[in-house]
Amino acid sequence: MDVSRRTVLGGALAGIAASAAGLGPAVASAASHPPPGGDDFDWAAFLAAADLRWQRMPAAWTEGPFLGNGFLGSGIYAEPGKNAVRFNVQHSEVQDHRPQYGSLFGLARLPIGYFTLEPVGAITGVDWRLDLWNAELTGTITTAAGSLALRAIVHTGQPVLAVEVRPTEGERGFRWVFHPAEAVSPRADPVWKKAPPEGYVANPPATVRAVGDSHVAEQPLLAGGEHVTAWREVTRGGARTLYSSVAWSYPDRTSTARALWSVRTAAGFGELTREHRRWWHDYYRRSFVSIPDTRLQSFYWIQLYKLASAARREAPVMATSGPWLENTPWPATWWNLNVQLEYWPIHGSNHLELDAVSRALDQYRGHLSSQVGAPYQSDSAGIPRTTDMTLFNGVSDANSGFPVGVPGQDTPTPEVGDLTWALHNVWLSYRHTLDRRLLRDTLFPLLRKAINYYLHFLAPGPDGKLHLPPTFSPEYGVNAPDCTYDLALVRWGCRTLLDTARELRVADPLVSRWQQVLATLAPYAVDGNGYMIGAGVPFAKSHRHYSHLLQVYPLYEITWEQPENRALIEKSLAHWVGFEGALQGYTFTGAASISASMRRGDQAAAYLDQLQSRFIQPNTMYEESGPVIETPLSAVKSMQDMLVQSWGGVLRLFPAVPATWGDISVRDFRTEGAFLLSAAREGGKTRWLKVHSEAGAPCILRPGIDGALEVTDAQGRAKRWRTLPDGDVRVELARGEEAFVYRAGDRPDFAVRPVASNGPSTPWGLPA
């Protein structure tokens, strides 16, 4: 534990002074094959195996293809009741601006509209493919009058949806029609039974007009500002290409010119795709994972496609549906689990360029102080359960948007810990990059304010312990004193503040207070079934959320590596998932990750199997009433937890893989400590690993390789290393250095390639 604490923050950026004492055995021999300069397999062919396919017309957003660039999004499926195909047009920045009606109505995401592709003849069939490698939908629509060959992209760097259609003779008369949506919060639909606030009305209808060779749908907003959809159709040879763009402005109305500029300056489809493809090819190559479960491997890569289609650092933090807004009671950004799970996959997959959470918390930090009560705003901060893209909630009530609660007050619901949990995501981004600026400028000042809010309410009890008045454990429904959710976050927050103050050499006057909290904070409430919701409140009903288990995962304060806690962890997990009634998809991703922390790969895989069979839709989307994007993305994190864990300063390779995954290959898996890990497992055993250090942090490995080891550089020269008393391996790596670890006498091929499949699987989508 001393080594783990020291490596988490204390010496992370200083590097390691090499010492001759205690090194492992000298290594004179080199591996028989030097590591390749790059991947020696066909990326396009590899990802083609994961492509989604359709031989049947998708009938809803849960079945159809989806395209996006973090801002502009399009979902494609049959237009209900018509002989047409819908291409939705949605945008993650388009929202209302009436805070008096709260984040769920007055600041809600707003639907924009959709195009219908209307053929001449009756549609008789489709043959589509979502080409992951090129981020492009391709295929044909067959009709009674002929066929339409189509290609479609949402360009990765331009705000443009482009759809190229090549009709046969009988389909030359097909047409595109734009249908503006009513600019009103989707939550106002009576189907959701969520009555709008008094006085809330829809925005005025859009105005559709021609502007030269283009068209625009201009949507004014009652609070000022607008969003505008522009489109233009261009004929070149036998192809007709639709270009569409959305622009948003507030409080000014300046969107028309920008939307028109985007569609009028867009290049031909072929030229447009060149830059688009280069970006996507570079994106995928930043890391690599291959497992023998073909369907799960396909799912993994589809989620990485989905992630980059829905998230960019500069884009709004993902709302519950990502950019693909459909009719939903959840038209906002949710911070009591959804955001956290949405962004967890970016770390292991080496895609920190998608981290909108750290950027947004920094950019809109002023709103975080304004969201707590006036008596606490000078030194505290919090984030409400729901916000708009600027992290603002507006007016607060149980239907329009929950506020940051006040401990000890039943109304409104005192949900207090969501900012602290969101800052754990920032901490993960720091730990995976060791970027001091992120630690100094964002994490430390905001976490200090988040914990300060708790300090206002912690008070000593007769037992001498600090206790917290009743707060709310998402989303159990009962307030509890000494709420486990909040105690776990307080402990993590105080420890992280102390570590960070030492790392930054900050003499903070609150250091002694944080130490006191850690020394005297009330223990977690436990009964015969495991962890309780809080003091006097047992876990006694079905509950989809693991808010009462954060200390186990993802905070890793209570771990399987502490033998005294194993029975409690096992009991708590079994009791939580034992209530079937309210379990949802992310219940099973959480259970899979907790199982992975228990080193139970078969159990983790079984939970992911249940997730796929019970909850994941044909196109890998997920719904709870409306679209909810976090669950499929969090399943990627569960897979990553099975492959590599790096919490507590130790890099654990293949800690929880099922018995059927005999062969595994990973490259540039990013870990805490700013390491990039590559490895191969063959025949159920780890063959080799390579670790590259970006920051010179302490490198402690748990490689899982039996017998004596060799540790070399790329030229086969011995690296300085030693075995620790617990069997872990410490390798001395300076910034920019790397080491190869393998069994002594072995001569592995360090190439990273796809592994053989355990058997065929049905593609995602709607194949024949």
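- For Ser103 and Thr386, the side-chain atoms include at least one donor-acceptor pair closer than 3.5 Å.
- If you take OH on Tyr364 and OG1 on Thr387, they are separated by 10.5 Å, rounding to the nearest 0.5 Å.
- Using modelled atom types and a 3.5 Å distance limit, the side chains of Arg385 and Asn393 yield no donor-acceptor pair.
- Counting heavy atoms from C-beta on, the side chains of Pro632 and Ile616 come closer than 4.5 Å.
- For the pair Pro316 and Phe71, the tightest heavy-atom approach, listed with the atom from each and the gap, is CD-CE2, 3.9 Å.
- There is no side-chain donor-acceptor pair under 3.5 Å between Glu136 and Thr138.
- Scanning all heavy atoms of the two residues, the minimum distance from Ala360 to Val317 falls at CB-CG2, 3.5 Å.
- A distance of 10.5 Å separates OG1 of Thr328 from CD of Glu624, quoted to the nearest 0.5 Å.
- Closest approach of Leu446 to Leu368, counting heavy atoms only: CD2-CD1, 4.0 Å.
- Judged by distance alone, the side chains of Lys306 and Thr620 do bring a donor and an acceptor atom under 3.5 Å apart.
- The main-chain N or O of Thr390 is found under 3.5 Å from a side-chain atom of His367 such that the two form a donor-acceptor pair.
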task = Please report the C-alpha distance between Asn425 and Gln340 in whole Å, then the side-chain angles of each, then the deciding distance to 0.1 Å, and finally whether the side-chain hydrogen bond (donor to acceptor under 3.5 Å, both in side chains) criterion is met.
result = CA-CA 6 Å; Asn425 276 50; Gln340 289 85 342; 5.6 Å; no

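- Remark: the Glu63 side chain and the Asn619 side chain contain no N/O donor-acceptor pair separated by less than 3.5 Å.
- Looking only at distances, no side-chain donor or acceptor of Trp133 sits under 3.5 Å from a matching main-chain atom of His281.
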request  = Show the numbers, then the answer: is there a side-chain hydrogen bond (donor to acceptor under 3.5 Å, both in side chains) between His545 and Asn336?
outcome  = CA-CA 10 Å; His545 199 303; Asn336 62 357; 5.1 Å; no

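- With rounding to the nearest 0.5 Å, the separation of CZ in Arg98 from OG in Ser400 is 11.5 Å.
- A donor-acceptor pair under 3.5 Å is formed between the side chain of Gln55 and the backbone N or O of Ala768.
- Relative to the ring axis of Trp279, Arg312 places its NZ or CZ within 45° and under 6.0 Å from the centre.
- Counting only distance, with no hydrogens or angles, the side chain of Thr168 and the backbone of Ser147 share a donor-acceptor pair below 3.5 Å.
- Applying the ring-ring contact (aromatic ring centres under 6.0 Å, His included) test to residues at least two apart or on different chains, the pairs with a partner in residues 191-210 are Tyr101-Tyr200, Phe105-Tyr200.
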request  = Applying side-chain hydrogen bond (donor to acceptor under 3.5 Å, both in side chains), run through Glu218 and Thr256 and close with a yes or a no.
outcome  = CA-CA 7 Å; Glu218 295 167 319; Thr256 298; 2.7 Å; yes

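- Within a 6.0 Å sphere centred on CZ of Arg175, heavy atoms belonging to other residues, nucleotides or ligands number 12 at most.
- A donor-acceptor contact closer than 3.5 angstrom links the side chains of Thr143 and Glu171.
- Looking only at side-chain heavy atoms (C-beta outward), Arg187 and Asn399 come within less than 4.5 Å of each other.
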inquiry  = Is there a side chain to side chain contact (heavy atoms under 4.5 Å, CB included) between Gln158 and Tyr243? Walk through the geometry before answering.
reply    = CA-CA 11 Å; Gln158 299 179 32; Tyr243 298 96; over 6 Å; no

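- The residues Arg129 and Asp131 are annotated as not salt-bridged, no charged nitrogen and carboxylate oxygen being separated by less than 4.0 angstrom.
- A salt bridge links Arg264 with Asp213: the distance from a Lys NZ or Arg NE/NH1/NH2 to an Asp or Glu carboxylate oxygen falls below 4.0 Å.
- The heavy-atom pair separating Glu226 from Ser255 by the smallest distance is OE2-N, 2.9 Å.
- Within the 4.5 Å cutoff, no side-chain heavy atoms of Asn203 are placed close to those of Val184.
- If you check the side chains of Ser249 and Asp252, you find no donor sitting under 3.5 Å from an acceptor.
- A side-chain donor-acceptor contact under 3.5 Å links Asn327 and Asp189.
- Remark: Arg236 is not positioned above the aromatic ring of Phe269, lacking an NZ or CZ atom under 6.0 angstrom from the ring centre and at most 45 degrees off the axis.
- With contacts defined as side-chain heavy-atom distances shorter than 4.5 Å, the pair Arg86/Asn88 qualifies.
- In this structure the side chain of Val154 never reaches within 4.5 angstrom of the side chain of Val160, judged on heavy atoms.
- Gln90 places a side-chain N or O within donor-acceptor distance of the main-chain N or O of Leu325, the cut-off being under 3.5 Å.
- Proximity of a side-chain donor or acceptor of His276 to a complementary backbone N or O of Asn134 within less than 3.5 Å is detected.
- Relative ring orientation between Trp176 and Phe115 is described as perpendicular, the plane-to-plane angle rising above 60° on a 0-90° scale split at 30° and 60°.
- Between the Glu415 side chain and the Pro384 main chain, no donor and acceptor come within less than 3.5 Å of each other.
- The aromatic rings of Trp231 and Phe178 lie tilted to each other, with the angle between the two planes from 30° to 60°.
- Applying the salt bridge (Lys or Arg N to Asp or Glu O under 4.0 Å) test to residues at least two apart or on different chains, the pairs with a partner in residues 156-167 are Arg151-Glu164, Glu164-Arg166.
- Considering every non-hydrogen atom in both Pro186 and Arg109, the closest pair reads CD-O, 3.4 Å.
- A heavy-atom distance below 4.5 Å is not found between the side chains of Thr116 and Lys82.
- Counting only distance, with no hydrogens or angles, the side chain of Gln100 and the backbone of Gly106 share no donor-acceptor pair below 3.5 Å.
- In this model, no donor atom of one side chain and acceptor atom of the other lie less than 3.5 Å apart for His97 and Asp388.
- Note that CG of Leu419 is 4.5 Å distant from CG of Leu423, once rounded to the nearest 0.5 Å.
- Side-chain N/O atoms of His91 and Trp248 include no donor and acceptor closer than 3.5 Å.
- Ser396 places no side-chain N or O within donor-acceptor distance of the main-chain N or O of Phe402, the cut-off being under 3.5 Å.
- Residue pairs meeting the salt bridge (Lys or Arg N to Asp or Glu O under 4.0 Å) criterion with at least one member in residues 313-327: none, sequence neighbours excluded.
- Proximity of Thr273 to Ile153: side-chain heavy atoms (C-beta onward) are separated by under 4.5 Å at one or more points.
- Listed for the Tyr250 side chain is no donor-acceptor partner under 3.5 Å among the backbone atoms of Gly224.
- Contact annotation: the side chain of Thr631 never approaches that of Met621 to less than 4.5 Å [non-hydrogen atoms, C-beta and beyond].
- Contact record, Ser214 with Val263: OG-CG2, 4.3 Å, taken as the closest heavy-atom pair.
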query = Step by step, would you call Ile123 with Thr142 a side chain to side chain contact (heavy atoms under 4.5 Å, CB included)?
reply = CA-CA 6 Å; Ile123 297 173; Thr142 305; over 6 Å; no

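- Between the side chains of Asp355 and Ser429, at least one donor N or O sits under 3.5 Å from an acceptor N or O.
- A donor and an acceptor atom, one from each side chain of Glu79 and Tyr77, are nowhere located under 3.5 Å apart.
- If you look at Phe66 and Trp61, their ring centroids are not closer than 6.0 Å.
- Using cut-offs of 30° and 60° on the angle between ring planes, the pair Trp280 and Tyr283 is perpendicular.
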